[in-house]
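The structure appears right after this line, and notes come after that.
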Number of protein chains: 2
Amino acid sequence: MTQPEPALRSQILAIAQRKFIASGYHALAMREIAEALGVSKAALYYHFKDKEELFLAVLLPYLETMETTLDQITALPGSTGEHIRTFVRHVLTQPAEERAIIRLGSQELGQLSAASRKAFGKVYQEKFIGKLKALAQRGVDRGEFQPHDPEIITWALLGLMYPYFYPAHTGNRPLPEAVIESITTIFLDGIRQPKKR
Amino acid sequence: MTQPEPALRSQILAIAQRKFIASGYHALAMREIAEALGVSKAALYYHFKDKEELFLAVLLPYLETMETTLDQITALPGSTGEHIRTFVRHVLTQPAEERAIIRLGSQELGQLSAASRKAFGKVYQEKFIGKLKALAQRGVDRGEFQPHDPEIITWALLGLMYPYFYPAHTGNRPLPEAVIESITTIFLDGIRQPKKR
DNA sequence: GGGAAAACTGACCGACCGGTAAGTAAGTAT
DNA sequence: ATACTTACTTACCGGTCGGTCAGTTTTCCC
């Protein structure tokens, strides 16, 4: 059991995550979060220094778990292509409200102070983008992928998934299997080194 | 010459476009636009009913020109693949501030009133998404593309371009040719019906 | 040059925002 | 019992937002 986690604090985080995703950073008022929990607004400020800190407290843990997930996947036996396949499946089978955090991060970064932006950007690069780039690099080095720039490969993969980071796009329901299969196929066929030539 | 276009109105639109893209809908205050032009805030309200109307007046004309562009491209001789290639090149060689409008639309739609959202959504579907879906459908029908759902193909294409709709991603400079070439290749190889089997 | 319409300005408003200060009830250690 | 800490609440503040309105300047027509 996680002992030192006050009950209210985690409730705030849960509601804030849902509401930040639904509304965006500026459009969500602290008052809304407080009212949804039936507590005073000042209670939020007891647990979080300000709005930015709460926002980051929603985003950063997701990046942490993403890092361990990516590490586990790349440690698996199998080709880089299979790693990608596992990664895409993992992300897109998450609840829409989970995977939408990725979009939230990239989308609302500009609204934050320079300090927060820098802090988040560092973690984002190290724990997420960097790991994906390394995966892309590996695919290229092994001759599995065509020799594109790993950065381009990374953003191609994220871009392909991006539309499904909007909960509205699927009506908040789980993604059909056919979608996951299609975009994985498109990506892998798109970068795969052809066997015959 | 476009006669009935008041000078200030088009200046407002130009500045608003730049600033909406840089800041997002909520973060941009009407006052900022007025000050950038050296006019009073009320002058903006002389030309536009409210903030939403100004926002839509930035977005909608882009969709109009996008529609004619798409119609011109699909009327060209050549394969569907070549049409896609032309489309991607066209969009990604636009100035970053132009193509970022696509992101602005999909990103900030949720901030608008239900009425504006519906109005924009209709045009967005008809003049942009619908045309792309038709293009995808054609590729499938002609046997050029693998038989994916045209909707999935469309969002795959847009997703691949999406990272480059963030001006920050390229530092506001023109996209390197290699990027355009790479993502086009990835997309076309990804959906292309293989010749040999 | 007079008069109406068009194109603004300046001052202001109520709503709402993030954030804070002061107070308090319920534990907890001594 | 007392002193202190934790976890809040109530009340409020300065600032900013979108938007309005009465009045003033500019433009244009006759």
Side-chain angles (χ1 to χ4, degrees), chain A residues 1-17 19-20 22-59 104 108-117 119-120, chain B residues 1-17 19-20 22-59 104 108-117 119-120:
Chain A
M1 329 306 183
T2 52
Q3 275 157 350
E5 175 79 353
L8 181 57
R9 190 189 148 95
S10 46
Q11 287 177 34
I12 294 171
L13 283 170
I15 298 263
Q17 171 172 335
K19 287 190 174 281
F20 271 130
S23 308
Y25 182 75
H26 268 108
L28 174 61
M30 296 294 273
R31 187 185 49 79
E32 281 186 56
I33 301 173
E35 280 177 4
L37 285 167
V39 299
S40 74
K41 197 180 58 167
L44 307 184
Y45 285 90
Y46 178 80
H47 290 283
F48 301 93
K49 176 173 150 284
D50 54 23
K51 193 182 184 183
E52 281 200 359
E53 188 178 293
L54 171 57
F55 188 63
L56 290 181
V58 168
L59 297 183
L104 198 60
E108 307 282 8
L109 241 193
Q111 311 292 342
L112 272 41
S113 72
S116 297
R117 208 160 51 229
F120 176 83
Chain B
M1 331 303 184
T2 50
Q3 275 157 349
E5 175 78 353
L8 181 56
R9 191 188 147 95
S10 45
Q11 287 178 35
I12 294 172
L13 283 169
I15 298 263
Q17 171 172 338
K19 287 189 173 282
F20 271 129
S23 309
Y25 182 75
H26 268 108
L28 174 60
M30 297 293 274
R31 186 185 48 80
E32 279 187 57
I33 301 173
E35 279 178 5
L37 285 166
V39 300
S40 74
K41 199 179 57 167
L44 308 184
Y45 285 89
Y46 179 80
H47 290 284
F48 300 94
K49 176 173 149 285
D50 53 24
K51 193 182 183 182
E52 280 200 0
E53 187 178 294
L54 171 58
F55 188 63
L56 290 181
V58 168
L59 297 183
L104 197 63
E108 308 281 7
L109 241 193
Q111 312 291 342
L112 273 42
S113 72
S116 297
R117 210 160 50 230
F120 176 82

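Letters go in sequence order (proteins before strands), and every chain restarts at 1.
Closest contact between the side chain of B/Lys41 and the listed nucleotides C/dT9, D/dT9, D/dG19 involves D/dG19. Closest to the side chain of B/Lys51, from the set C/dC17, C/dG19, D/dG19, is D/dG19. Residue A/Tyr46 places its side chain closer to D/dC8 than to any other of D/dC8, D/dC17, C/dC8. Between C/dA6, D/dT20, D/dT9, one nucleotide has an atom nearer to the side chain of A/Ala42 than all others, and that is D/dT9. When distances run from any side-chain atom of B/Tyr45 to the nucleotides C/dT9, D/dT20, C/dG18, the shortest one goes to D/dT20.
Among the atoms of the strands shown, only primed sugar atoms or phosphate atoms (P, OP1, OP2) are found under 4.0 Å from some heavy atom of B/Ala29. Residue B/Leu28 is in sugar-phosphate contact alone, with no base atom involved, counting any heavy-atom pair closer than 4.0 Å across all strands shown.
Note: B/Leu54 CG to B/Gln17 CD = 11.0 Å, rounded to the nearest 0.5 Å.
Under the 6.0 Å distance and 45° angle rule, B/Lys51 counts as a cation-pi partner of B/Tyr25.
Under 4.0 angstrom from either OP1 or OP2 of D/dC8 there lies at least one side-chain N or O belonging to A/His47. Note on B/Arg31: every side-chain N or O is 4.0 Å or more away from OP1 and OP2 of D/dG18.
Residues B/Leu13 and B/Phe48 form a side-chain contact, since some pair of their non-hydrogen atoms from C-beta on lies under 4.5 Å apart. A 4.5 Å side-chain heavy-atom check between B/Phe55 and B/Leu28 finds every atom pair outside the cut-off.
In this structure, the CG atom of A/Leu44 is 14 Å from the P atom of D/dT10, given to the nearest Å. If you take CD of A/Gln111 and C1' of D/dT16, they are 16 Å apart, rounded to a whole angstrom. Note: CD1 (A/Ile33) to C1' (D/dC8) measures 17 Å, nearest angstrom.
Ranked by how close their nearest DNA chain C nucleotide is to the 5' end, A/Ala27 and B/Gly38 are led by B/Gly38.
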